[in-house]
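Below is one structure, written out as structure tokens, with a few remarks after it.
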Amino acid sequence: MPKFYITTPIYYVNDKPHIGHAYTTIAADVIARWHRLRGDDVFFLTGTDEHGEKIMKAATAAGKSPQEFVDGLAVVYKDAWKKLNISYDYFVRTSDPNHERLVKLFVDKLYKSGDLYKGIYEGWYCVSDETFFTQLQLRDGKCPECGKEVKLIKEEDYFFKLSKYQQRLLDFYKENPDFLSPKFRADEIKNRVKAGLKDLSITRSAVKWGVEFPPDKSYTIYVWVDALLNYVTALDWPDGKRFGEFWPADVHVMAKEINWFHSVIWPALLFCAGMEPPKKIFAHGWWTVDGKKMSKSVGNVVDPIDMSRKYSTDAFRYFLLREMPFGDDGDFSEKALVTRLNTELASDLGNLFNRVFTLAEKFDGKIEGRVELEMQLDIEGITKSMDNIELFNALAKIFEYVAAANKYVNDTRPWALKDEQLGNALYNLLEACRVLSIVLYPFMPETSEKVAKQLGTKVGTLEECKFRKFSAKVSKGELLFKKVDAG
RNA sequence: AGCGGGGUAGGGUAGCCUGGAGUGCCCGCCGGGCUCAUAACCCGGAGAUCGUUGGUCCAAAUCCAGCCCCCGCUACCA
């Protein structure tokens, strides 16, 4: 059985999840469910990133210890993923003692490799935002966030010789053309690496809430190194059974702003440790909301839990993956969501099931006949799209089949048929519905299960996406998607 | 400034890499069909100088160059 290891980033727990977190996680869930449907042995990892100065400050402000504080937020994330039907296999936390232990082990290994050295780190620090900026990030020499004065901080840190890995990375990208995706992101990364790599300071002296740096205990390990390592500590690197079974990761899914860390720094760290890099990095785009950049100050942050409660988890999941090609940027609006829910989910898909099941329930003859509605389903195309992580294209193909099935109803006019002819039409339509329940499963698992139940069966595997003898007993249930008023 | 992406009917997109009738899809609009179904479904129609100028070519949305707009990213923010 082929294995498939997929991850989301671990999310920084300074706030509850917003639509961006939900998007990454839902997309990864869809891919994970797809591979389970294929029969792969899937390991789907998500989790939370819990170290850093900001967390400590937030905890203090809340009158809690950092650990109490992050414990509370980890639960918020787990609850959210439950509501969004995320089928993760393991939830990793960077404050977990096992993670911390393995991070130290890994960094110690880096240290012994000789690729760490002591140097001077310089950065522009904004006191009010408690954040470092690079020279280029500054706006008119002032803080790009708040516009206040920044001061140059110099500190002695341990550096990782990232520059040493420039050529190795470029060679790796060349030998593995599918490593960086989508394609248009690959050139961005390659060009930046070609332009030259600077070494990376991987310790902090000011940050107390973090993993201790073993060779020099006055430092903590830079949170990004801590965070990236979750992908292997969750597998119990180096000796765990899961590590042997699942590493290297098949795909790391994330938003584009952290592509650099995954495409450049992460493989370099792994090279240094003598380990295999992941097979694929997939960086998706960002959502604007009603045409504007989402931000707390504008007050347009979309809460995925609200959306799923209001329109159903499946409708929300569907919308996110249907509205924009996976990889691009796109715009979220409730109006657009309602339109897709009312037209594609209620009128096209839901109504198809409803009209077919209504006809089938009234019929007491034999449901059998010639296969007439199978080849309209482009299962090869869907498979190819899903395997290439073109989720948008896969959905488009699935809905072409929905349209073909609706057309078949209109063309065959089953309400005017009886006996064998009606049995034939119903056979084709019910098999089409059954097959649809399978291919829709990764995207809308609840709906898929409801359809299977109404068909008197269970959601099948990808292999069962072929027409066969229909033997189940149909019992119509409630409407799968009801229309809602816009606004 | 550097790097990258984009400008296709009222809106949104695909097509561009590997030139070949403006070809497709979704929403909206107009007309027809059907009556199993959630006023659902099916068919047809109107609507585009494919940002702009020039070039290559028998042929350009597609390739090349210039220009005009729009938008990202520029690494130690977690």
Side-chain angles (χ1 to χ4, degrees), chain A residues 9-15 48-55 94 121-123 126 129-137 144-145 157 159-160 162 183-185 187-195 197-204 207 210 222-227 256-261 263-265 285-286 288 293 322-325 328-331 335-336 339-340 342-363 392-393 396 399-400 402-403 405-417 422 425-426 429 476 479-483:
Chain A
I10 48 176
Y11 301 112
Y12 194 54
V13 289
N14 55 352
D15 205 355
T48 43
D49 183 7
E50 306 183 340
H51 287 135
E53 198 60 14
K54 281 188 184 177
I55 297 287
T94 56
Y121 169 70
E122 281 187 18
C126 171
D129 285 341
E130 296 154 12
T131 302
F132 278 93
F133 297 99
T134 60
Q135 180 79 47
L136 276 167
Q137 283 174 308
E145 298 291 330
D157 274 319
F159 281 73
F160 169 60
L162 183 60
K183 273 250 173 334
F184 66 90
R185 297 250 171 253
D187 297 330
E188 287 180 12
I189 293 289
K190 283 182 210 161
N191 287 338
R192 282 174 63 188
V193 173
K194 269 180 206 158
L197 292 172
K198 287 191 279 183
D199 291 343
L200 178 75
S201 81
I202 63 156
T203 58
R204 294 291 180 276
V207 178
Y222 174 42
V223 286
W224 255 110
V225 173
D226 174 11
K256 61 185 182 182
E257 80 278 10
I258 57 173
N259 190 10
W260 177 259
F261 295 93
S263 298
V264 180
I265 296 171
W286 278 352
T288 53
K293 195 169 172 177
R322 187 73 181 93
E323 180 66 8
M324 69 184 190
D328 293 1
D329 290 341
D331 186 56
K335 193 175 168 231
T339 299
R340 288 202 185 270
N342 285 347
T343 57
E344 291 161 14
L345 294 181
S347 297
D348 294 335
L349 182 67
N351 184 51
L352 171 69
F353 290 127
N354 192 42
R355 67 201 299 213
V356 170
F357 293 164
T358 301
L359 289 161
E361 260 190 345
K362 288 191 221 158
F363 182 64
F392 173 84
N393 287 342
F399 273 74
E400 274 170 29
V402 172
N406 269 318
K407 184 167 163 52
Y408 182 85
V409 178
N410 282 58
D411 291 348
T412 56
R413 302 166 50 84
W415 56 88
L417 301 174
L422 179 52
L426 286 174
L429 287 165
K476 201 170 101 171
L479 293 180
L480 294 162
F481 297 100
K482 290 187 186 122
K483 293 202 174 187

Can you tell me the pairing partner of [N] across any strand shown, Watson-Crick or G-U wobble, with both distances under 3.5 angstrom?
N	answer
B/C50	none
B/C57	none
B/G28	none

Between [options], which nucleotide gets closest to the side-chain atoms of [X]?
X	options	result
A/Lys407	B/C42, B/U38, B/U35	B/C42
A/Asn410	B/U35, B/C26, B/C42	B/C42
A/Thr343	B/C36, B/C27, B/U38	B/C27
A/Trp260	B/A37, B/C27, B/A75	B/A75
A/Glu344	B/C36, B/U38, B/C26	B/C26
A/Arg355	B/A37, B/A75, B/C42	B/A37

Atom [atom1] of [X] to atom [atom2] of [N]: distance rounded to whole Å?
X	N	atom1	atom2	value
A/Lys335	B/G12	NZ	P	12 Å
A/Asp411	B/C36	CG	C1'	14 Å
A/Tyr121	B/A75	OH	P	10 Å

Exercise for review: For nucleotides B/A9 and B/U74, find the distance between their P atoms and express it as a whole number of Å.
Suggested key: 32 Å
Point to revise | Integer angstrom distance from the C1' of B/C16 to that of B/G11 | key: 22 Å
Practice item. On RNA chain B, check which nucleotide each of A/Lys476 and A/Arg340 is closest to and give me the residue with the more 5' one. Key: A/Arg340
Revision key, fill the gap. Between A/Leu197 and A/Leu359, whichever has its closest RNA chain B nucleotide further toward 5' is A/Leu359
Exercise for review: Describe, in one word, how the ring planes of A/Phe159 and A/Tyr121 are oriented to each other, choosing from parallel (under 30°), tilted (30 to 60°) and perpendicular (over 60°).
Suggested key: tilted
Check your understanding: Can you find a side chain N or O atom of A/Lys256 that sits less than 4.0 Å from OP1 or OP2 on B/G72?
Key -> no
Point to revise | Side-chain N,O (A/Arg413) to OP1/OP2 (B/U35) below 4.0 Å | key: yes
Review point. Any side-chain heavy-atom pair from A/Arg355 and A/Asn406 closer than 4.5 angstrom?
Key: yes
Check your understanding: Considering only heavy atoms and no angle criterion, is a donor-acceptor pair shorter than 3.5 Å present between the side chain of A/Asn351 and the base of B/A37?
Key -> yes
